[in-house]
Amino acid sequence: MRDANEALIVIDVQNDFCPGGALAVTGGDQIVAGINALMTEFQAVVLTQDWHPAGHSSFASSHAGQSPYEVIDMAYGPQVLWPDHCVQGTDGASFHADLAVDHAQMIIRKGFRRDIDSYSAFFENDHKTPTGLDGYLRTRGIEKLTMVGLATDFCVHYSAIDGAGLGFDVTVEQSLCRAIDLDGSLAAAQNAMTSSGVRLDG
Ligand code: VGL
Ligand code: ZN
């Protein structure tokens with residue numbers, strides 16, 4: 001069993017990020033069994049859930065003339081436009097059916113404001129608006145985080161960097177992550193995580 005100051009953060013293991021989903025990540029479903037096994041080692045387990053209202057501003061369909069995977073400038077900076085995904089209350093937003101959700105004590109939802117996306121489990125994409133996860137972890141005495149889930153180069157990447165920036169000791173277990181990999185985004189994310197002091201395992 002891991003020490004009481006360690007938490008496992010399971011990022012966005014949701015149907016829409018698995019094969020057959022709206023924003024399917026190749027092999028997204030292959031990590032579920034390994035994540036379930038790893039959960040049993042941790043006393044503190046947090047799940048994140050991408051949770052967008054219909055018509056969210058990160059959806060290409062919300063911008064006339066734009067297509068998925070194009071990048072636009074939003075008030076808070078550049079934003080990749082995505083296919084509609086993880087719409088609140090839909091099956092696509094639900095956790096993968098085999099994920100052992102009962103092991104988690106906390107589910108943090110993100111991306112629920114129409115006008116701003118949130119890749120990171122800690123801050124929305126303005127890098128300022130907190131989700132509340134920092135306070136939750138600190139008040140539980142957590143200092144070390146292991147992150148797994150989807151997608152390595154977006155939500156895992158930004159969560160890991162923000163966690164390190166907030167002073168947590170962060171390890172990303174890459175064998176239990178899968179990437180979208182748009183135009184080299186996986187390699188860029190790995191470099192950014194390493195430079196921010198995140199440990200890459202697996
Ligand atoms: C994610 C793109 C859009 C992720 C979420 O979980 O990595 N990526 N929304
Ligand atoms: Zn999203």
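Numbering of ligands and ligand atoms starts at 1, following listing order.
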Measuring to the Zn ion (ligand 2), does His85 have an N/O/S atom at a distance below 2.8 Å?
yes
Could you tell me whether the Zn ion (ligand 2) has an N, O or S atom of Asp50 under 2.8 Å away?
yes
I'd like to know if Asp12 and Lys110 make a salt bridge, using a cut-off of under 4.0 Å between side-chain N and carboxylate O.
yes
Phe42: ring pair (Phe, Tyr, Trp, His ring centres under 6.0 Å) partners, not counting sequence neighbours:
none
Donor-acceptor side-chain pairing of Asp50 and His52 below 3.5 angstrom
yes
Checking Ser175 against Glu173: is there a side-chain donor and acceptor pair closer than 3.5 Å?
yes
Tell me if the centroids of the rings in Tyr119 and His157 come within less than 6.0 Å of each other.
no
In His52, the N/O/S atom nearest the Zn ion (ligand 2) carries the name NE2
According to the interplanar angle, ranging from 0 to 90°, do the rings of Trp82 and Tyr69 count as parallel (below 30°), tilted (30 to 60°) or perpendicular (above 60°)?
perpendicular
Please tabulate protein-ligand N/O pairs under 3.5 Å for ligand 1, atom names and distances to 0.1 Å.
{"from": "ligand 1", "atom 1": "6 (O)", "to": "Asp12", "atom 2": "OD2", "distance (Å)": "2.6"}
{"from": "ligand 1", "atom 1": "6 (O)", "to": "Leu150", "atom 2": "O", "distance (Å)": "3.2"}
{"from": "ligand 1", "atom 1": "7 (O)", "to": "Ala151", "atom 2": "N", "distance (Å)": "3.0"}
{"from": "ligand 1", "atom 1": "7 (O)", "to": "Cys155", "atom 2": "N", "distance (Å)": "3.0"}
{"from": "ligand 1", "atom 1": "9 (N)", "to": "Asp50", "atom 2": "OD2", "distance (Å)": "3.1"}
{"from": "ligand 1", "atom 1": "9 (N)", "to": "His85", "atom 2": "NE2", "distance (Å)": "3.1"}

Kindly check if the number of other-residue, nucleotide or ligand heavy atoms within 6.0 Å of CG (Asp201) is above 12?
yes
